[in-house]
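Everything numeric in this text was worked out from a predicted model, so none of it was measured. Chain naming here is simple, since letters A, B, ... match the order of the sequence lines and numbering starts at 1 in each.
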2 protein chains.
Amino acid sequence: MIDPEGMKPVYVQVADVIAARIGRGELAPNRPIPSETAMVQEFGIARGTARRAVELLRERGLVATVPGRGTFVLPAAG
Amino acid sequence: MIDPEGMKPVYVQVADVIAARIGRGELAPNRPIPSETAMVQEFGIARGTARRAVELLRERGLVATVPGRGTFVLPAAG
DNA sequence: GTAGATTTGTGCGTATGTATT
DNA sequence: CAATACATACGCACAAATCTA
């Protein structure tokens with residue numbers, strides 16, 4: 001789970017969880033990752049924190065975001 | 001630009017830059033000044049510092065902040 | 001064709017913790 | 001000790017894009 005008191009920032013922990021799901025194939029290429037709102041509910045975090053997590057995943061080259069549609073797992077990442 | 005080692009605090013330097021733009025008419029009355037996020041990116045500062053700069057501009061009577069909308073150049077300041 | 005739901009984008013308000021000067 | 005500055009994280013509101021009923 002997410003530990004607010006942990007060594008890593010919350011948004012890094014969340015990004016790591018999503019990245020792990022991508023690595024295991026739970027989140028397949030070209031499929032959407034959970035929406036920001038879904039992450040808010042699942043992890044009990046603020047939306048801003050969810051957005052930072054997604055931003056980190058983009059920087060890692062794992063996902064791509066499409067305004068109005070969602071954020072999707074890149075083919076190369078699967 | 002902004003000099004972290006300068007005589008004036010960073011937030012004063014940033015406020016001076018924005019005030020100068022207002023004085024030159026680059027930022028016109030009733031138009032928004034750069035958002036806090038935009039200042040963070042442009043000047044390479046923290047958001048808290050950008051907020052302090054905007055606070056200073058308000059104290060100088062140059063701008064007015066509308067929660068959820070932005071900060072705007074006052075007519076009298078243009 | 002349009003009204004609603006979903007999702008991301010943007011903007012400010014606030015608080016806490018840490019480090020430096 | 002106080003002021004400055006940065007990083008993180010929570011919250012609220014509205015706009016823009018997209019899709020669907």
Side-chain angles (χ1 to χ4, degrees), chain A residues 1-19 21-22 27-74 77, chain B residues 1-19 21-22 27-74 77:
Chain A
M1 281 305 300
I2 304 303
D3 177 19
E5 310 292 318
M7 296 299 293
K8 296 180 186 175
V10 174
Y11 74 90
V12 175
Q13 295 180 52
V14 170
D16 285 345
V17 169
I18 302 299
R21 289 180 188 170
I22 293 174
L27 296 172
N30 300 311
R31 296 290 299 171
I33 69 173
S35 71
E36 293 168 359
T37 303
M39 291 187 202
V40 166
Q41 296 174 343
E42 174 177 357
F43 300 112
I45 61 179
R47 194 187 153 204
T49 305
R51 286 181 61 77
R52 297 208 58 172
V54 173
E55 183 184 2
L56 190 53
L57 291 171
R58 277 197 302 269
E59 290 169 0
R60 292 180 182 173
L62 293 179
V63 302
T65 297
V66 183
R69 288 201 40 91
T71 297
F72 302 83
V73 179
L74 287 174
Chain B
M1 281 308 299
I2 304 302
D3 177 18
E5 310 292 319
M7 298 299 294
K8 297 179 186 175
V10 173
Y11 74 91
V12 175
Q13 295 180 50
V14 171
D16 286 346
V17 169
I18 301 299
R21 290 179 187 169
I22 293 174
L27 295 173
N30 299 313
R31 298 288 300 171
I33 69 172
S35 70
E36 294 171 355
T37 302
M39 292 188 200
V40 166
Q41 296 175 345
E42 175 179 357
F43 300 113
I45 59 179
R47 191 188 158 201
T49 305
R51 286 181 62 75
R52 294 272 284 147
V54 173
E55 183 183 3
L56 190 52
L57 291 170
R58 276 197 302 270
E59 290 169 2
R60 292 180 183 174
L62 293 179
V63 302
T65 297
V66 183
R69 294 290 302 159
T71 296
F72 301 83
V73 179
L74 287 175

Give me the atom names and distance for the closest heavy-atom approach of [X] to [Y].
X      : Y      : answer
A15(B) : L56(B) : CB-CD2, 3.9 Å
V14(A) : A53(A) : CG1-CB, 3.7 Å
T65(A) : R58(A) : OG1-NH1, 2.8 Å
P34(A) : M39(A) : O-CE, 3.2 Å
N30(B) : F72(B) : O-CD2, 3.8 Å
A64(B) : L74(B) : CB-CD2, 3.7 Å

Just checking R52(B): base, sugar-phosphate only, or nothing, at a heavy-atom cut-off of under 4.0 Å?
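Since only primed, P, OP1 and OP2 atoms lie under 4.0 Å of R52(B), the category is sugar-phosphate.
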Assign G48(A) to base, sugar-phosphate, or nothing according to its heavy-atom contacts below 4.0 angstrom with the strands shown.
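Counting heavy atoms under 4.0 Å across all strands, no contact is made by G48(A).
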Would you mind reading off the distance between [X] atom [atom1] and [N] atom [atom2], rounded to a whole angstrom?
X      : N      : atom1 : atom2 : result
E55(B) : dA3(D) : CD    : P     : 13 Å
M7(A)  : dA7(D) : CE    : P     : 18 Å
E5(A)  : dT8(D) : CD    : P     : 16 Å
F43(A) : dA9(D) : CZ    : P     : 14 Å
D3(B)  : dA5(D) : CG    : P     : 11 Å

Going 5' to 3' on DNA chain C, which nucleotide is the first and which the last to come under 4.0 Å of a heavy atom in chain B?
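Span of nucleotides near chain B: dG11(C) to dT14(C).
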Might you work through the side chain to side chain contact (heavy atoms under 4.5 Å, CB included) test for V54(A) and I33(A), ending with a clear yes or no?
CA-CA 9 Å; V54(A) 173; I33(A) 69 173; 4.3 Å; yes
Does a nitrogen or oxygen in the side chain of Y11(B) sit under 4.0 Å from OP1 or OP2 of dT4(D)?
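Answer is yes, contact under 4.0 Å.
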By nearest heavy atom, map R47(A) and G68(A) onto DNA chain D; which one lands nearer the 5' end?
R47(A)
Proximity to the side chain of R69(A) - top-ranked nucleotide from dC10(D), dT8(D), dT18(D):
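The closest nucleotide is dT18(D).
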Nearest to the I45(A) side chain among dC10(D), dA9(D), dA5(D), which nucleotide is it?
dC10(D)
